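The structure appears right after this line, and notes come after that.
All values derive from a computational prediction rather than experimental measurement. Letters A, B, ... mirror the listed sequences (proteins, then strands); counts begin at 1.
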Amino acid sequence: MPQYQAVKGTRDIFPDEAARWKFVEGMVHVLASLYGFSEIRTPVFEYTELFQRGIGSTTDIVGKEMFSFLPDPKGRSLTLRPEMTAGVMRAALQNNLLSSAPVHKLYYIGELFRKERPQAGRQRQFSQFGAELLGVSSPAAVAEVITLMMQVFESLDLHGLKLRINSLGDTDDRIRYREALQGYFSPFRDILDDSSKERLEKNPLRILDSKNPALQELIAGAPRLYDYLNDASLQDFEKVLFYLRERGIAYEIDYRLVRGLDYYCNTAFEVTSSELGAQDAIGGGGRYDGLARELGSSADVPAVGFAVGMERLLMTMEKQGLFAALDSRAPLVYVVVQQQDLFDHGMQIAWQLRHAGIKTEIDLAARSMKAQMREANKINASFALFIGSMEQTTGFYSLKNLITSEQTLLSLEAVLELLQESAAKEPLKL
RNA sequence: GUGAUUGUAGCUCAGUUGGUUAGAGCGCCAGGUUGUGGCCCUGGAGGCCGGGGGUUCGAGUCCCCUCAUUCACCCCA
């Protein structure tokens with residue numbers, strides 16, 4: 001056993017896997033840009049109050065999952081961000097972003113921290129990418145955000161995902177519904193489990209989320225939020241659905257989808273993957289018009305956004321075999337040194353090749369020629385360039401095509417030319 | 001925080017009712033005649049059998065504790 005191991009709920013990402021991350025991140029950058037979203041990077045930690053106010057103190061995230069710490073005995077409590085939205089909104093408000101333009105479309109990729117027990121698809125440090133559209137939360141804005149999210153999935157060739165959507169109504173709707181729910185559940189108080197009892201007072205909507213089998217029947221009979229929506233909320237929701245249909249985005253209305261963060265209102269949505277096991281939500285989001293005021297803004301900042309779990313996304317892609325073609329290590333040419341007294345010359349040649357933009361590898365472990373060739377083969381090099389005493393004296397080098405096994409004797413100039421041609425056909429893999 | 005699960009070489013795992021120097025495959029390293037890969041063959045390195053305590057003549061195998069893993073609950077991405 002090693003002396004040190006990675007902290008519970010954290011993990012290392014080695015080169016082969018890192019290549020997959022880069023691939024996905026690249027797609028996110030390209031598509032976000034295509035939809036007119038610009039990248040924002042906010043600090044990894046914030047004042048604890050930001051999350052308490054923003055996410056809501058009744059939520060599990062704030063109640064028991066935050067990594068909080070005091071920088072010094074007199075300092076204010078800080079917290080490793082458990083989600084991105086509050087930080088983005090804080091950044092926007094602090095810098096008065098909305099005064100420069102009425103609408104801001106931002107996206108991010110970043111690490112988040114939550115002190116939960118790890119399990120499949122759940123880490124204490126994990127990553128999300130997401131987008132926040134600030135300034136407008138019209139159905140068009142909601143559709144814009146959902147469409148971007150779905151486009152990422154589509155472009156990555158993911159299949160078998162399910163988009164569920166619901167409307168949480170506006171503030172008035174929810175106040176009326178909340179009362180109705182309390183009225184419905186109160187007589188059954190004795191049947192409810194502890195957490196549901198607590199929610200009955202603080203946030204009865206979240207009782208609907210419970211997976212407790214004993215409560216399913218009771219929950220099924222509860223009044224539907226949908227029936228408490230006023231005309232404006234209904235029309236708003238219908239318009240969102242209209243946009244999705246227009247774009248061929250399949251969805252399913254789930255009247256019990258409420259989502260765990262306090263700041264959501266009106267449209268809320270979630271995407272699940274059938275490949276993931278218990279933690280099957282790959283992404284989700286919704287409208288959060290009230291967040292800005294909650295954070296002290298004097299003006300309303302309507303907003304809508306989504307977040308997608310990178311690990312869960314990668315996991316689903318893995319299961320669906322979508323990474324088969326990635327091979328990040330393969331160099332174009334492997335410089336093979338006959339004897340170690342020619343190593344310095346080999347290094348010099350390798351440098352010239354690299355300087356010319358050719359992805360080149362050379363053995364630094366001083367192994368035998370056979371071992372070098374085996375290595376070249378193993379890492380999928382396209383060519384081997386031999387450095388022997390003959391090459392050094394004549395200035396002509398043996399270049400072997402490792403796919404066809406053809407070998408030719410060329411001047412270094414000709415080698416460079418040939419490899420550059422070959423590199424142009426097959427762009428450098430990063 | 002609760003429950004269950006697993007913990008033997010770098011990786012995936014065997015290890016019979018407790019019995020001598022703990023094994024395999026893959027990977028790694030070196031060779032298979034003197035400057036050349038993939039297949040194949042040979043050899044080698046590498047394990048306080050998670051840690052501690054106990055039962056026993058004897059424990060990788062049984063018991064207790066502990067640490068860690070994984071999965072699930074809660075909840076979320």
Side-chain angles (χ1 to χ4, degrees), chain A residues 1-9 11 14 55 58-65 82-85 109-130 149 193-196 198-199 203 206 209-214 257-261 269-273 276-285 305-316 334-339 342 363 365-392 397-407:
Chain A
M1 264 297 120
Q3 276 187 302
Y4 291 103
Q5 46 187 299
V7 173
K8 184 200 289 291
R11 54 191 293 270
F14 289 101
I55 303 171
T58 66
T59 62
D60 282 357
I61 293 178
V62 172
K64 58 180 191 187
E65 295 172 4
E83 59 103 53
M84 291 291 290
T85 304
I109 301 177
E111 278 72 53
L112 272 17
F113 307 84
R114 257 123 95 157
K115 199 165 62 189
E116 302 177 275
R117 273 291 261 285
Q119 78 187 72
R122 168 185 287 160
Q123 296 276 301
R124 288 184 162 190
Q125 175 179 334
F126 61 103
S127 297
Q128 289 184 347
F129 77 86
M149 178 178 72
D193 53 52
D194 290 346
S195 68
S196 293
E198 201 179 322
R199 289 175 191 165
N203 194 349
R206 293 191 45 234
D209 258 347
S210 176
K211 286 183 198 161
N212 185 343
L257 178 72
V258 293
R259 300 189 55 75
L261 283 58
F269 52 90
E270 187 167 292
V271 176
T272 52
S273 160
L276 284 181
Q279 308 308 321
D280 63 352
I282 195 171
F306 74 84
V308 170
M310 288 289 285
E311 286 80 358
R312 293 181 187 181
L313 175 62
L314 277 278
M315 230 182 278
T316 304
Y334 198 103
V335 174
V336 176
V337 178
Q338 185 201 345
Q339 309 138 6
L342 293 166
D363 182 35
R367 286 126 99 202
S368 68
M369 215 169 157
K370 185 194 198 98
Q372 294 177 58
M373 285 301 284
R374 281 181 172 161
E375 173 79 2
N377 191 63
K378 191 177 82 181
I379 66 179
N380 241 326
S382 303
F383 294 91
L385 182 68
F386 293 97
I387 310 295
S389 43
M390 182 274 285
E391 281 83 357
Q392 193 180 31
Y397 294 84
S398 306
L399 183 69
K400 180 169 187 174
N401 183 320
L402 292 176
I403 293 145
T404 64
S405 290
E406 286 175 282
Q407 188 163 323

Which pairs, protein N/O on one side and nucleotides 32-34 of chain B N/O on the other, fall under 3.5 Å?
unit_1 : atom_1 : unit_2    : atom_2 : d
G32(B) : N7     : Lys370(A) : NZ     : 3.1
G32(B) : O6     : Arg374(A) : NH2    : 2.8

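- Scored by the salt bridge (charged side-chain N to carboxylate O under 4.0 Å, His left out) test, Arg367(A) finds Asp363(A), Glu375(A) as partners (sequence neighbours excluded).
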Exercise. Determine which bases of RNA chain B form Watson-Crick or G-U wobble pairs with both distances under 3.5 Å, and write the result as a 5' to 3' dot-bracket string with | for other-strand partners.
Key: ((((.((..((((.....[...)))).(((((.......))))).....(((((..]....))))))).))))....
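- Leu402(A) comes within 4.0 angstrom of a base, heavy atoms only.
- Annotation: side chain to side chain donor-acceptor pair (under 3.5 Å) contacts of Glu111(A) (sequence neighbours excluded): Ser127(A).
- Partners of Ala381(A) by side-chain contact (heavy atoms from CB on, under 4.5 Å), not counting sequence neighbours, listed by chain and number: Pro331(A), Tyr334(A), Ala376(A), Leu402(A).
- The residue Ala281(A) sits close only to the backbone: its heavy atoms come under 4.0 Å of sugar-phosphate atoms, none of a base.
- Residues passing the side chain to side chain donor-acceptor pair (under 3.5 Å) test with Arg117(A), sequence neighbours excluded: none.
- Side-chain atoms of Ser368(A) and base atoms of G31(B) include no donor and acceptor less than 3.5 Å apart.
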Do any side-chain atoms of residues 383-392 of chain A form donor-acceptor pairs under 3.5 angstrom with protein atoms, and if so which ones, sequence neighbours left out?
unit_1    : atom_1 : unit_2    : atom_2 : d
Glu391(A) : OE1    : Gly388(A) : N      : 3.0
Glu391(A) : OE2    : Ser398(A) : OG     : 2.9

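- Contacts of Ser405(A) classified as side-chain contact (heavy atoms from CB on, under 4.5 Å), with partners at least two apart in sequence or in another chain: Lys400(A).
- The salt bridge (charged side-chain N to carboxylate O under 4.0 Å, His left out) search around Glu311(A) returns none, not counting sequence neighbours.
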Tabulated below should be each protein N or O lying under 3.5 Å from an N or O of nucleotides 65-70 of chain B; please produce it.
unit_1 : atom_1 : unit_2  : atom_2 : d
U69(B) : OP2    : Lys8(A) : NZ     : 3.1

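- Remark: the Gln407(A) side chain and the G35(B) base include no donor-acceptor N/O pair separated by less than 3.5 Å.
- In this structure Glu116(A) satisfies the side-chain contact (heavy atoms from CB on, under 4.5 Å) test together with Glu65(A), Arg114(A), Arg122(A), sequence neighbours excluded.
- Listed by chain and residue number, nothing satisfies the salt bridge (charged side-chain N to carboxylate O under 4.0 Å, His left out) test with Arg124(A) (two or more places apart in sequence, or in another chain).
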